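Structure first, then comments.
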Amino acid sequence: MPVKIKLKEILKERGISQRELARLTGLRPNTISHLCSDQVDRIYLSTLEKVCKVLDIDIQELIEVE
């Protein structure tokens, strides 16, 4: 069951750069870049939690099960 992380689209809609999100979340820029790629194979829930909190979104808005 493939899962799609819609972070790239959300950042584009909001005009937030990956670098800015990394700064706001305290996550490494490489981590944010990985989440924005189509190659996400695993992710920590704590990472998703930080991203969702900073962007003020529910996890359902970030993850799409295909």
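None of these values were measured; they are calculated from a predicted model.
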List the residues meeting side chain to side chain donor-acceptor pair (under 3.5 Å) with Glu64, not counting sequence neighbours, and say none if there are none.
none

Under a single-linkage definition using a 4.5 Å side-chain heavy-atom cutoff for Ile, Leu, Val, Met, Phe, Trp and Tyr, are Leu45 and Leu62 assigned to the same hydrophobic cluster?
yes

Roughly how far, to the nearest 0.5 Å, is OG1 of Thr31 from CD of Gln18?
11.0 Å

To the nearest 0.5 Å, atom CG of Leu48 lies from atom CD1 of Ile43 at 3.5 Å

Donor-acceptor pair, side chain of Thr25 and main chain of Leu21, under 3.5 angstrom:
yes

Is it true that, when you exclude Arg14 itself, more than 12 heavy atoms of the residues, nucleotides or ligands shown sit nearer than 6.0 Å to its CZ?
yes

Do Leu24 and Lys53 touch side chain to side chain, with heavy atoms closer than 4.5 Å?
no

Which distance, rounded to the nearest 0.5 Å, do you find between the OG1 of Thr47 and the CG of Leu27?
5.5 Å

Do the side chains of Leu7 and Leu55 get nearer than 4.5 Å, heavy atoms only?
yes

Going by side-chain contact (heavy atoms from CB on, under 4.5 Å), Cys36 matches just one of Lys8, Glu9, Lys6. Which one?
Lys8

Using atom types as modelled and distance alone, determine if a side-chain donor or acceptor of Glu61 lies under 3.5 Å from a backbone N or O of Asp58.
yes

Rounded at 0.5 Å granularity, tell me how far CD in Gln39 sits from OG in Ser33.
11.0 Å

Is it true that Tyr44 and Val51 fall in one hydrophobic cluster, defined by side-chain heavy atoms closer than 4.5 Å?
no

When rounded to the nearest 0.5 angstrom, what is the spacing between CD1 in Ile32 and NZ in Lys50?
9.5 Å

Decide yes or no on side chain to side chain contact (heavy atoms under 4.5 Å, CB included) for Asp41 and His34, but give the supporting numbers first.
CA-CA 10 Å; Asp41 54 353; His34 179 70; 4.1 Å; yes

Assess whether atom NZ of Lys4 is packed by more than 12 heavy atoms of other residues, nucleotides or ligands within 6.0 Å.
yes

